[in-house]
Amino acid sequence: AQSVTQLGSHVSVSEGALVLLRCNYSSSVPPYLFWYVQYPNQGLQLLLKYTSAATLVKGINGFEAEFKKSETSFHLTKPSAHMSDAAEYFCAVYNTDKLIFGTGTRLQVFP
Amino acid sequence: EPEVTQTPSHQVTQMGQEVILRCVPISNHLYFYWYRQILGQKVEFLVSFYNNEISEKSEIFDDQFSVERPDGSNFTLKIRSTKLEDSAMYFCASRDSGGANIQYFGAGTRLSVL
């Protein structure tokens with residue numbers, strides 16, 4: 001069965017610092033992988049997706065993720081955090097027309 | 001930009017009561033979904049719906065749950081007799097028939113069962 005694991009339920013960074021949110025997947029077939037973000041009192045917004053094209057995927061708001069098959073990872077990064085990046089981030093894998101989500105990582109950004 | 005709309009944003013109900021959560025998917029989308037997130041837990045798939053029938057449902061989606069597309073715009077989730085453990089955030093999502101398989105989510109309905 002396909003699944004994703006997000007390491008770290010909370011990540012705190014200073015404004016301007018590198019953001020790294022970790023996601024590892026388990027899949028017997030080439031996966032479709034997604035990162036979604038949830039701002040307070042809002043729905044899940046798609047940040048980026050991997051669908052077996054380029055392994056480095058660029059998303060909105062300066063985020064990107066790299067698919068590494070050898071490490072079964074799809075970590076989300078942003079070179080310089082902004083206060084507005086504070087939110088909950090979810091990694092998900094697509095499985096027969098449904099999304100399997102990780103447990104989420106709450107990102108806090110300090111001034 | 002088109003968006004998925006869910007109402008109400010917060011629903012409070014007594015245990016045993018029926019609730020209907022409403023969703024208006026993006027207008028040209030054909031695939032519809034419900035997910036839920038119990039506080040502090042992961043987002044879980046409940047059901048998918050296409051061509052006026054359920055495509056897939058999870059083990060959570062038991063006989064107390066039903067979905068309906070009563071007209072050309074709404075997609076509803078009904079819980080017949082709510083339990084305390086049904087308290088959660090319920091998300092509706094929709095996607096088009098393209099190959100990207102991108103699901104667009106609403107802001108959710110927080111259901112509180114007392």
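Below, all heavy atoms of this structure are taken into account, side chains as well, without hydrogens, waters or symmetry copies. Residue numbering restarts at 1 for every chain, and letters A, B, ... go by the order of the sequence lines.
- Looking only at atom types and distance, the side chain of A:T96 has a donor-acceptor partner in the side chain of A:K98 under 3.5 Å away.
- Of the atoms belonging to B:Q6, not a single heavy atom falls under 4.5 Å from chain A.
- Only the side chain of A:Y36 comes within contact range of chain B, with at least one heavy atom under 4.5 Å from a heavy atom of that chain.
- For B:Y35 and B:F91, the gap between ring centers reaches or exceeds 6.0 Å.
- The part of B:Y31 that comes within reach of chain A is its side chain, from C-beta onward, which places non-hydrogen atoms under 4.5 angstrom from that chain.
- Most heavy-atom pairs under 4.5 Å with chain B: of the set A:I100, A:T103, A:L99, this distinction falls to A:L99.
- Taking all atoms of both residues into account, the shortest heavy-atom contact from B:D86 to B:S81 is OD2-O, 4.3 Å.
- Both the backbone and the side chain of B:Q103 come within less than 4.5 Å of a heavy atom of chain A.
- Only the side chain of A:L46 comes within contact range of chain B, with at least one heavy atom under 4.5 Å from a heavy atom of that chain.
- Between the side chains of A:S27 and A:Q2, at least one donor N or O sits under 3.5 Å from an acceptor N or O.
- Using a 4.5 Å cut-off between heavy atoms, B:R95 contacts chain A through its side chain alone, with no backbone atom that close.
- The residue from A:Q38, A:E88, A:H10 that alone fulfils the side-chain hydrogen bond (donor to acceptor under 3.5 Å, both in side chains) condition with A:R106 is A:E88.
- Using the six-membered ring where Trp is involved, A:F101 and B:F105 have ring planes that are perpendicular, over 60° apart on the 30 and 60° scheme.
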